[in-house]
Structures are given as structure tokens and as C-alpha cells.
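These notes concern the structure reproduced below.
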Amino acid sequence: MMGHSHALTGAGLWLLAAPALAVVPEIGGPAAGLAPVVYGMLSPAELVAGAVVCAGAAMLPDLDHPHSTIAQTFGPATWVLSKVVNWLSGGHRHMTHSLFFVVAAGVGAHLLADHYPIGRDIMVVLLIGLALRAVGIGVPQRTIMSAMVNIGLTAGTFLFFHSRGVGYMWLGLAVAVGCLAHVVGDCLTERGCPVLWPLKHKWLLPWNMGLKTGRRFEVKILGPVLSVVVVGLLAARLIPVM
């Protein structure tokens, strides 16, 4: 699937999961006690931040592809990161496209949120940048200019969340949900994913649609439908608390 499809799917799954967050104790941050809650301990700002972070996390598995657009998000920085991830995972659609990676990324993000504020903020900034790049933020055919635009918008978005008192105790959950959305999405394509890595068998969902990345169905139908779903879910979650 294309980047924007993955990102929108991640954001949509987060918004769908919001009601279930009510049963997860202490998942909110400082803003939870200062602003109206949407579900459980999430404030409206945290709900939106979670959707953005989850959308970015839905792009993380594709950091194993140094030639992908996402690998150019922050210019040389994300390109080098992508090269490292590609080497560690054994190439594109290997380790990062598995349940192992979903769990590892989620647990790692939770530990960062719980114990390492600087590492947590670095991860949040990366995920915001990935989300913005996935939905098309950038300058066509201008890698460096696109990176500069993305850096500016990412910094602004992060500072906005900070000004709203957003906490990140939900970070691990959002990252895991986003990565899972990516794996499931790619299992709908004709290539499948090694879900049970290190086993090499590529899994296709029983209702495998045989989607081909970037074809007419994804661009003309799936993308717009996902956009409408995300906007609708966001409105449904936020309007009642406004």
C-alpha cells in the first residue's frame, strides 16, 4: 500500500479504538486533569496527537526501504536511519513487517515514554514527521526543500501539542496499533508479509484482495474513502466535548 493509505489507516484505527481506552488505567497525560476528556483519560488534544502519532507509526515498517519517500522525511537523517533499518531487518518487507516488530516497537515506545523523556520526544517528532510526509507534505522533486518544510511543520505541531499539555503514556499503544495497521494493510496486497518472522513464509489474509500498490483502486477509491472515514471519526469524537 502507498504511504498515505497506511497513515490514514493508522489514524482511523486509533480513533476507532478510542472508546476502549476508557478501560486502560493511567493512559492519559498531564492534560487529562486540566481539560475535558474524550474517552478514559484522553483529552481532545491527546486524542488528536494520538491519531497523528499512530499515522506516523503506520509508516515505521517502511523505514526498511531507503528509496521510499518516507526515508527522505528529514533528509539525510532519515535516509541514514532507513539504511540502518534496512540492514538490520534484512531488506524490505522482512523483520519490520512482522508481529515481532509490532510488539518490539510498541514496548520500546512505552519504555521511552515511561523512563526516557528525551528519547520519547525524539520518537514523537519522528512520527509526526512521517505522518506529515505520508499525506503529501513536501515540495515535488525537491528532497531538501521538502525536508525543510517537514521539519518546520513537525516542530510547530510538536510545540502545539506541548502547549496543550499532551502527555504520552499512550505512546506505546499508538505505535503498536500503527505498526499493526501497516502489516495488516500489506497482507492485503499480492506480496503479503512475513507475519511470523523469522519464519520467511509470506502471509496473505484469507480475503486477500491482491491489491497492487499505487494502482487506480488505491488512488481513486481507497485513499478518498479512508480520508472521509478519518475526518468523520475525528468529528464524532471531538464534537460532543466542544
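Treat the numbers as computed from the prediction; the structure is a model and nothing was measured.
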Check your understanding: Between Y168 and W170, what is the ring plane arrangement, given parallel below 30°, perpendicular above 60°, and tilted in between?
Key -> tilted
Practice item. On the 0 to 90° scale, with breaks at 30° and 60°, tag the H182-H6 ring pair as parallel, tilted or perpendicular. Key: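 Ring orientation of H182 relative to H6: parallel.
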To the nearest 0.5 Å, how far apart are [atom1] in [X] and [atom2] in [Y]?
| X | Y | atom1 | atom2 | value |
| --- | --- | --- | --- | --- |
| N150 | F74 | CG | CZ | 5.0 Å |
| L127 | C54 | CG | SG | 9.5 Å |
| R133 | H4 | CZ | NE2 | 13.5 Å |
| I70 | L60 | CD1 | CG | 10.0 Å |
| I128 | T73 | CD1 | OG1 | 12.5 Å |
| L81 | L126 | CG | CG | 6.5 Å |

What heavy-atom pair brings [X] and [Y] nearest, and what distance separates the two atoms?
| X | Y | answer |
| --- | --- | --- |
| G106 | V175 | N-CG1, 4.1 Å |
| L171 | V124 | CD1-CG2, 4.1 Å |
| L13 | A181 | CD1-CB, 3.4 Å |
| V85 | L63 | CB-O, 3.6 Å |
| A7 | A134 | CB-CB, 3.7 Å |
| V230 | G12 | CG2-N, 3.9 Å |

Exercise for review: Run the numbers on R93 and S98 for side chain to side chain donor-acceptor pair (under 3.5 Å), then give the verdict.
Suggested key: CA-CA 8 Å; R93 286 210 188 190; S98 68; over 6 Å; no
Donor-acceptor check, side chain of [X] to backbone of [Y], threshold 3.5 angstrom: yes or no?
| X | Y | answer |
| --- | --- | --- |
| S82 | W79 | no |
| Q72 | H67 | no |
| T78 | A71 | yes |
| N86 | D64 | yes |

Check your understanding: Do the side-chain N and O atoms of S68 and D62 include a donor-acceptor pair separated by under 3.5 angstrom?
Key ->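 There is no such pair between these side chains.
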Point to revise | Name of the residue among K200, M95, K202 meeting side chain to side chain contact (heavy atoms under 4.5 Å, CB included) with P194 | key: K202
Examine [X] and [Y] and state if one hydrophobic cluster contains both, with Ile, Leu, Val, Met, Phe, Trp and Tyr joined whenever side-chain heavy atoms are less than 4.5 Å apart.
| X | Y | answer |
| --- | --- | --- |
| L159 | I122 | no |
| L233 | V228 | no |
| L130 | L88 | no |
| L153 | F160 | yes |

Review point. Is there a side-chain contact between E46 and R164 (heavy atoms, below 4.5 Å)?
Key: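 They are not in side-chain contact.
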Exercise for review: Kindly write out the residues that satisfy side chain to side chain contact (heavy atoms under 4.5 Å, CB included) with A176, not counting sequence neighbours, or none if the list is empty.
Suggested key: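 In terms of side chain to side chain contact (heavy atoms under 4.5 Å, CB included), with neighbours along the sequence ignored, A176 is linked to V102.
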Exercise for review: Please test D121 against F158 for side-chain contact (heavy atoms from CB on, under 4.5 Å), starting from the C-alpha separation and ending with a verdict.
Suggested key: CA-CA 9 Å; D121 289 347; F158 178 77; 3.7 Å; yes
Review point. Is it the case that more than 12 heavy atoms not belonging to I118 sit under 6.0 Å from its CD1 atom?
Key: no
